[in-house]
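Source: prediction; values computed, not measured. The analysis underlying the following values was restricted to heavy atoms, covering all of them including side chains, and did not include hydrogens, waters or symmetry mates.
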Amino acid sequence: CQFFPRYTYADPSGELDLDSSDLVDGYRRVDNITDQILAQFQASAGADVTKDGVFYYVYGLLHGPDYRQRYAADLKKMLPRIPLPDAGAFKAFANAGEELARLHLDYETVDPYPLTENWAGETRDYRVTKMAFPKKGGKSDRTRLCYNAHLMLEGIPEDAYRYMLGSRSAIEWIIDRYQIRTDKASGIVNDPNSYSEDPRYIVELLKRIVTVSLETM
């Protein structure tokens, strides 16, 4: 895949006169927001614009529904083009981008959404094999999720499915990834139940992803 991190880290071997304070775990940190781009943004949006602000502005802009809809065709075939904003637009998108970054980086610590846990019987088993939506009138009922044979999660808001990671919603991404799979070539079993010592980890993760999805939109 192709991505654009805030920093990259280079092997400093052979570089002369490198101050140890410039190193992070033995690597030289490279700022990916160039001085040239910073100067262009400062000329457009004000002298108080920082490199972190530029990064968050872009992150916010790329989540903007108007931007994504207007340039949908271009975004499918080329890298996004970033408009230079005035001061007001820069501040709005940078603030939103910073909040989105915090939400997306710290998704495991946000407040879980209050989904209803409907248990079939007294057994409290949190092991996952493969989650699925139950059927209602021949169609998938996305307000509920069959977690396993003992637990049904209910009350998922439809709006939570608007937050997309590629071609699927964040919730559906979790459903697909958190299932037991066996690699045909190696025979290695990928078991999400081993990801955490907390037996409720996947249940709580799903609730938190609902929160993240709603807050993102």
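Two rings, from Y126 and W119, have their centers less than 6.0 Å apart. Between Y195 and Y178, the ring center distance clears the sub-6.0 Å criterion.
V128 places none of its side-chain heavy atoms less than 4.5 Å from the side chain of I180. D52 places a side-chain heavy atom less than 4.5 Å from the side chain of Y56. Looking only at side-chain heavy atoms (C-beta outward), L205 and I174 come within less than 4.5 Å of each other. Taking 4.5 Å as the limit, every side-chain heavy atom of L115 sits out of range of all side-chain heavy atoms of V203. Here the side chains of D35 and K51 are in contact, with some heavy-atom distance below 4.5 Å.
D176 places no side-chain N or O within 3.5 Å of a backbone atom of E172 that could act as its donor or acceptor partner. No donor-acceptor pair under 3.5 Å is formed between the side chain of E215 and the backbone N or O of V212.
Pairing each heavy atom of A45 with each of A87, the nearest pair is O-CB, 3.3 Å. Y57 approaches P83 most closely through the heavy-atom pair OH-O, 2.7 Å. Contact record, P112 with T211: C-OG1, 3.5 Å, taken as the closest heavy-atom pair. When all heavy atoms are compared, the tightest approach of T8 to P5 is CG2-CG, 3.7 Å. Nearest heavy-atom pair across G97 and Y59 is O-CD2, 3.5 Å. Closest of all the heavy-atom pairs between V54 and L38 is CG2-CD1, 4.4 Å.
A distance of 11.5 Å separates CD1 in I202 from CD in E204, rounded to the nearest 0.5 Å. How far CG of L62 is from OH of Y71: 12.0 Å, rounded to the nearest 0.5 Å. One finds the CD1 atom of I209 at 11.0 Å from the CD1 atom of I175 (value rounded to the nearest 0.5 Å). With values rounded to the nearest 0.5 angstrom, D141 atom CG is found 11.5 Å from C146 atom SG.
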Which pairs would a plain distance check flag for residues 156-165, meaning a side-chain donor or acceptor within less than 3.5 Å of a matching protein atom at least two apart in sequence or in another chain?
from: E158; atom 1: OE2; to: R142; atom 2: NH2; distance (Å): 2.4
from: Y161; atom 1: OH; to: R142; atom 2: O; distance (Å): 2.5
from: Y163; atom 1: OH; to: H104; atom 2: NE2; distance (Å): 3.4

Which atom pairs, one a donor and one an acceptor, fall under 3.5 Å between side chains of residues 130-140 and the rest of the protein, sequence neighbours left out?
from: K135; atom 1: NZ; to: S140; atom 2: OG; distance (Å): 3.3

Which pairs of donor and acceptor atoms, one on a side chain in residues 148-155, lie under 3.5 Å apart (sequence neighbours left out)?
from: N148; atom 1: OD1; to: H150; atom 2: N; distance (Å): 2.8
from: N148; atom 1: OD1; to: L151; atom 2: N; distance (Å): 2.9
from: N148; atom 1: ND2; to: D125; atom 2: O; distance (Å): 2.7
from: N148; atom 1: ND2; to: R127; atom 2: O; distance (Å): 3.0
from: E154; atom 1: OE2; to: N118; atom 2: ND2; distance (Å): 3.2

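Remark: P114 pairs with no residue by the side-chain contact (heavy atoms from CB on, under 4.5 Å) rule, at least two apart or across chains. Residues satisfying the side-chain contact (heavy atoms from CB on, under 4.5 Å) criterion with S186, sequence neighbours excluded, are D183, I188.
Listed by first and then second residue, the side-chain hydrogen bond (donor to acceptor under 3.5 Å, both in side chains) pairs that reach into residues 38-47 come to none, sequence neighbours excluded.
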Q. Y113 and L214: side chain to side chain contact (heavy atoms under 4.5 Å, CB included), yes or no, with the steps?
A. CA-CA 9 Å; Y113 188 83; L214 292 172; 3.6 Å; yes
Q: Show your reasoning for whether salt bridge (Lys or Arg N to Asp or Glu O under 4.0 Å) applies to R28 and D11.
A: CA-CA 6 Å; R28 177 172 57 83; D11 187 346; over 6 Å; no
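If you check the side chains of Y201 and E108, you find a donor sitting under 3.5 Å from an acceptor.
Taking hydrophobic clusters as Ile, Leu, Val, Met, Phe, Trp and Tyr residues chained together by side-chain heavy-atom distances below 4.5 Å, Y107 shares a cluster with M217.
The pair D191-R181 does not meet the salt-bridge criterion, since no charged nitrogen lies less than 4.0 angstrom from a carboxylate oxygen. With respect to R81 and D74, no salt bridge is recorded, no charged nitrogen being found less than 4.0 Å from a carboxylate O. With salt bridges taken as basic N to acidic carboxylate O contacts below 4.0 Å, none links K207 and D111. A salt bridge links R200 with E117: the closest approach of a Lys/Arg side-chain nitrogen to an acidic carboxylate oxygen falls below 4.0 angstrom.
Both tests hold for R29 against Y7: distance to the six-membered ring centre under 6.0 Å, angle to the ring axis within 45°.
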